[in-house]
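A short write-up of the structure that comes next.
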Amino acid sequence: MMFRKILLFLVLVTTASIGAAMAKNTYIIHMDKTKIAAKLFHEVDSMQTYQAVIDSINEMSLQKVDGDQQQETMPAELLYAYETAISGFSAKLSTKQLQKLEKVDGFLSATPDQMLQLHTTNSQQFLGLQNGKGLLSASNLASASDVIIGIVDTGIWPEHASFQDKGMPAVPSRWKGVCEEGTKFSKSNCNKKLIGARYFFKGYEVEYGRINETKEFLSARDQNGHDILAGIDKAVQDGVDVLSMSLGLGPLPFHSDTLAIGSFGAIKSGVFVSTSAGNSGPFSSTLTNSAPWIMSVAASYTDRTFPAVIKLGNGKIVEGISLNSGNALTKPVPVYYPLSRFCLDGSLNETEIKGKIVVCRTSNVSAYIQSENVKKAKGVGMILVNFISDGDELYVQPHILPTARVGYTAGKYVTHYASTAKKPTASIIFKGTVYGRTAPVIARFSSRGPSSIEPDVIKPDVTAPGVNILAAWPPIVGPSERQGDTRSVMFNILSGTSMSCPHVSGLAALLKSVHRDWSPAAIRSALMTTAYTLNNKKSPISDVDSSNSVGPFAYGSGHVDPERAVDPGLIYDIAAEDYLKYLCNLNYTSAEIALFTRGNFTCPKITAFGARDLNYPSFAVNFRGGVQNGSLEYKRTVTNVGIPTSSYAVQVEVPNGVSVIVKPKILSFNKLGQKLSYKVTIVGKSKTSSHSSFGSLTWVSGKFRVRSPIAVTWQ
Ligand SMILES: *[C@@H]1O[C@H](CO)[C@@H](O)[C@H](O)[C@H]1NC(C)=O
Ligand SMILES: *[C@@H]1O[C@H](CO)[C@@H](O)[C@H](O)[C@H]1NC(C)=O
Ligand SMILES: *[C@@H]1O[C@H](CO)[C@@H](O)[C@H](O)[C@H]1NC(C)=O
Ligand SMILES: *[C@@H]1O[C@H](CO)[C@@H](O)[C@H](O)[C@H]1NC(C)=O
Ligand SMILES: *[C@@H]1O[C@H](CO)[C@@H](O)[C@H](O)[C@H]1NC(C)=O
Ligand SMILES: *[C@@H]1O[C@H](CO)[C@@H](O)[C@H](O)[C@H]1NC(C)=O
């Protein structure tokens, strides 16, 4: 679904994206350029055209109207013109100025723009971040804007409003990067927010000859991998603090996984690396990016949804999801369920479909193409019912006609009714955006642990918003990414662990801004030990398909909670040398080890040091070879970053089938930075009926709850 493009653009962005005050009166205005009055229109310069539009409403504002009590004090302000993408601009406007603007010739629509300085909407609220408070307080943001995030990805649209740098302070002086020129990319494309960009394609061509695009996009991951390495290295040299890598190379041994190799170098230099868990769920051990030095992020739903209420002719009501907000289908129309089920090319008969809502099953063909087929056959709407393999997953997708997507379970009513009723009908009410659904809920597609590469560390580490996320979108690519979809949008709604990973990158940057001295492991520890495992209805976080079990292999330590993570009480730190000791114990050849150490490290003779010996803030307990009565020991060291004199007591939620012994049971600190160790012994007693059982170990002191999941697996 996601990890297909690896050609690289390395993009470096400072963090104020998540920050900067959210201006309530900023709007994105869509205009029909052909209708703009000639006296305002400037042939070549859209900025001048829109400035003239704004000037005209400012002039109107100054004219005092009878009975108008409130004289406008601040002129409307043009912020940004969209020249290539949508036709239009963004502006800061009062409600009254907006009303005036609505009367200007060529005006199409205005949408309040919370997106202008934010990468997405709703996530902030869902993550418990409040503008002006805590991590987003003015003082904190001032320092957060000094944190540099490197994004290793496939490309960027620098003109996008999301990269507008208005209000950003100067680029941090320690920044050593450049804004590399390339095809349709010039130095002027960088600014105070998008502070640099590097393009690694060219270097690749010099070394390996001209890129054969047919090939490159099809496979050749390894070759592309060298680019990845170059990108990560350069980013580290350039001075990034956080690397965001929504990429994955499939479960591979670390020495064959360029992301693992590259990120190791980054971690050694103190750079936090956030990666996506992958989109191959809900099956076990599908997770990519399982190296113990990186953060692996699962994806979950937030409390926002876009309900589409389907009323069948027999009175039954079925809820689906849709981005459509029109009212084209509020009156019942005939429903048709074609024999071909999947609404593939050429399978729909116009005589049968014209004027009807067509029921189609999700398939390997894009949902957009299905909707195109329905439209071609003159259908008026589509009910897209999940095929059994899609379960009850409900993420929205772009369509070409009003479409409601329904999960497998609810969809059974629709297909049964549509195929058995004499004259089936349905109406659909599109409810727009609704908040408050049960959340978080783990996405079906989110890849699951345990890691097939290193099962002795629980992966993923955490979950974060990754379903139905509003994200910046390149205007030259239609929202469906299909040829022929000529629509141009600035934002699109996307789902994937590629969406959840950048959320964690942003949070890591915010934490880094408060705790400059925290290592990558300390930041990860803070995010993990403060993560929560109950949803907003106070029940354990579940999977979108209730049939799938959830727990640490779906969400690691739980859902990130940044305002708690900034003050975690204790952290589990890990030094880069420990990761090296760990690598030495993987019995890699010296050539393989050299990939990580860059030839400057000799493995110590014999010191057994496995993943269990890493000071990881979670416990993966594997009883191998049918051992029932064995025991496994873990030593951990916590650093006090909370209150100088504080005493922590341990609380254990014991997994089924084991007993847990913690020594000591109390940790008493008398200064900040103090490190204390404890030992956990897990004794296997009886194999449970299931393959795994879960529990937790939590150090509690006042408001601090430093929680680590325990996942026991019998193999
Ligand atoms: C590119 O790769 C494809 C698929 O392997 C091959 O058919 C084609 O000839 C290659 N083109 C060039 C210019 O090498
Ligand atoms: C389309 O459906 C009509 C009515 O059921 C039928 O008469 C016609 O043969 C069908 N056309 C094709 C190409 O199957
Ligand atoms: C999708 O493709 C896979 C692999 O080719 C196949 O097994 C599966 O049945 C297909 N699913 C649908 C709904 O066509
Ligand atoms: C590495 O080799 C040693 C000695 O053969 C063995 O005891 C150990 O289990 C191996 N480690 C791994 C991770 O395979
Ligand atoms: C090699 O290790 C030494 C000592 O730890 C260090 O000073 C040096 O910078 C390292 N060289 C490279 C190329 O990493
Ligand atoms: C585990 O220990 C218990 C009690 O000592 C014993 O009854 C049981 O048979 C043992 N199980 C195995 C598989 O050895």
Side-chain angles (χ1 to χ4, degrees), residues 1 306-431 477-488 493:
M1 204 193 310
F306 311 94
V309 178
I310 302 164
K311 193 170 176 195
L312 303 175
N314 61 4
K316 173 90 189 166
I317 289 182
V318 172
E319 191 172 306
I321 186 170
S322 181
L323 281 184
N324 193 291
S325 57
N327 51 11
L329 302 174
T330 49
K331 299 228 171 66
V333 297
V335 168
Y336 186 75
Y337 187 27
L339 274 178
S340 63
R341 303 303 190 231
F342 298 109
C343 302
L344 305 180
D345 290 348
S347 72
L348 301 177
N349 179 338
E350 187 178 324
T351 323
E352 285 162 349
I353 277 169
K354 192 172 180 184
K356 295 180 184 166
I357 292 177
V358 182
V359 178
C360 307
R361 286 283 192 177
T362 56
S363 82
N364 294 340
V365 167
S366 99
Y368 177 78
I369 290 187
Q370 292 176 295
S371 73
E372 251 182 0
N373 291 340
V374 172
K375 194 179 180 193
K376 261 188 250 158
K378 304 232 160 55
V380 293
M382 177 164 84
I383 299 176
L384 186 60
V385 176
N386 277 2
F387 194 65
I388 186 164
S389 54
D390 288 325
D392 288 332
E393 186 94 289
L394 282 182
Y395 53 82
V396 290
Q397 293 159 302
H399 302 290
I400 198 85
L401 83 175
T403 296
R405 182 167 173 183
V406 186
Y408 175 70
T409 312
K412 283 185 198 160
Y413 294 106
V414 179
T415 50
H416 181 258
Y417 169 72
S419 50
T420 56
K422 268 222 179 80
K423 287 190 170 167
T425 62
S427 59
I428 307 179
I429 295 166
F430 298 106
K431 298 218 143 176
V477 180
S480 66
E481 286 185 83
R482 290 283 149 188
Q483 268 190 345
D485 184 359
T486 54
R487 295 173 292 181
S488 172
I493 299 251

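When a ligand or atom number is given, it counts from 1 through the structure's own listing order.
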| query | Donor-acceptor pair, Q370 side chain versus R361 backbone, under 3.5 Å? | reply | yes
| field | Residues in the immediate environment of ligand 2 (any heavy atom closer than 4.0 angstrom) | value | N349, T351, E352
| remark: Interatomic distance, CG@L394 vs CG@L384, rounded to 0.5 Å, equals 9.5 Å
| Summary of disulfide bond (SG atoms under 2.5 Å apart) pairs that have at least one residue in residues 340-430, sequence neighbours excluded | C343-C360
| field | Set of side-chain contact (heavy atoms from CB on, under 4.5 Å) partners for Y413, sequence neighbours left out | value | K316, V318
| note | Applying side-chain contact (heavy atoms from CB on, under 4.5 Å) to N324 and not counting sequence neighbours gives S322, P402, F430
| Does D345 reach the side chain of V365, with side-chain heavy atoms less than 4.5 Å apart? | no
